[in-house]
Amino acid sequence: MSKLVLHIFHADPASLATVPALAERINGVPQTAALEVYLFGPAEQALGNPEAKAFNDQIDGLVKAGVRVTTCIGIAQKMGAEAAFTARGLALESAAIAFPRFAAEGATVMSF
């Protein structure tokens, strides 16, 4: 099975609204590819922003639906959010490990 990674970096309103919705739709069709969402940088910081409630609700919904949602452990630690992210079911993995993993898996990575 192939793999698709939606990498969310930007925290602009369009990215925070569109990419999780796209992931929900992809996850809702019969799977021809495994799906993972990787949050990094400003998008990861939005995970700790109470004003980004709709985004956070969508991310939590993806986790509950069985989608692997991963964030950078280094940023999570700098934010003091490592335990909170883990409690939400988010995977924590350094970008320096995740991106080579995606390449080794032959994943298609789409960045937003």
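Note that this is a predicted model, so its numbers are computed, not measured. Residues: numbered from 1 along the sequence shown.
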Is Met79 close to Leu47 at the side-chain level, that is, under 4.5 Å between some pair of heavy atoms? no

Does any part of the side chain of Phe112, heavy atoms only, come nearer than 4.5 Å to the side chain of Leu22, both counted from C-beta? yes

For [X], check side chain to side chain contact (heavy atoms under 4.5 Å, CB included) against everything at least two apart and list the hits.
X	value
Ser94	Ile73, Ala96, Ile97
Pro42	Phe9, Ala11
Val69	Val37, Leu39, Ile59, Leu62, Val63, Val67, Leu90
Asn49	Glu51, Ala52

Would you name the heavy atoms of [X] and [Y] that are closest together and state the gap between them?
X	Y	answer
Leu4	Ala33	N-CB, 4.4 Å
Ala95	Cys72	N-SG, 4.1 Å
Ala43	His10	CB-O, 3.7 Å
Leu92	Glu82	CD1-CG, 3.5 Å

With sequence neighbours excluded, give me every side chain to side chain donor-acceptor pair (under 3.5 Å) pair touching residues 15-24. Asp12-Ser15

Which residue pairs satisfy the side chain to side chain donor-acceptor pair (under 3.5 Å) criterion with at least one member in residues 101-112, sequence neighbours excluded? Lys3-Glu105, His7-Ser111, Glu36-Arg101, Glu93-Arg101, Arg101-Glu105

Could you note down all residue pairs passing ring-ring contact (aromatic ring centres under 6.0 Å, His included) where residues 46-87 supplies at least one of them, sequence neighbours left out? none

Residues which pass side chain to side chain donor-acceptor pair (under 3.5 Å) with Asn27, listed by chain and number, not counting sequence neighbours: none

Residues passing the side chain to side chain donor-acceptor pair (under 3.5 Å) test with Lys53, sequence neighbours excluded, are Asp57

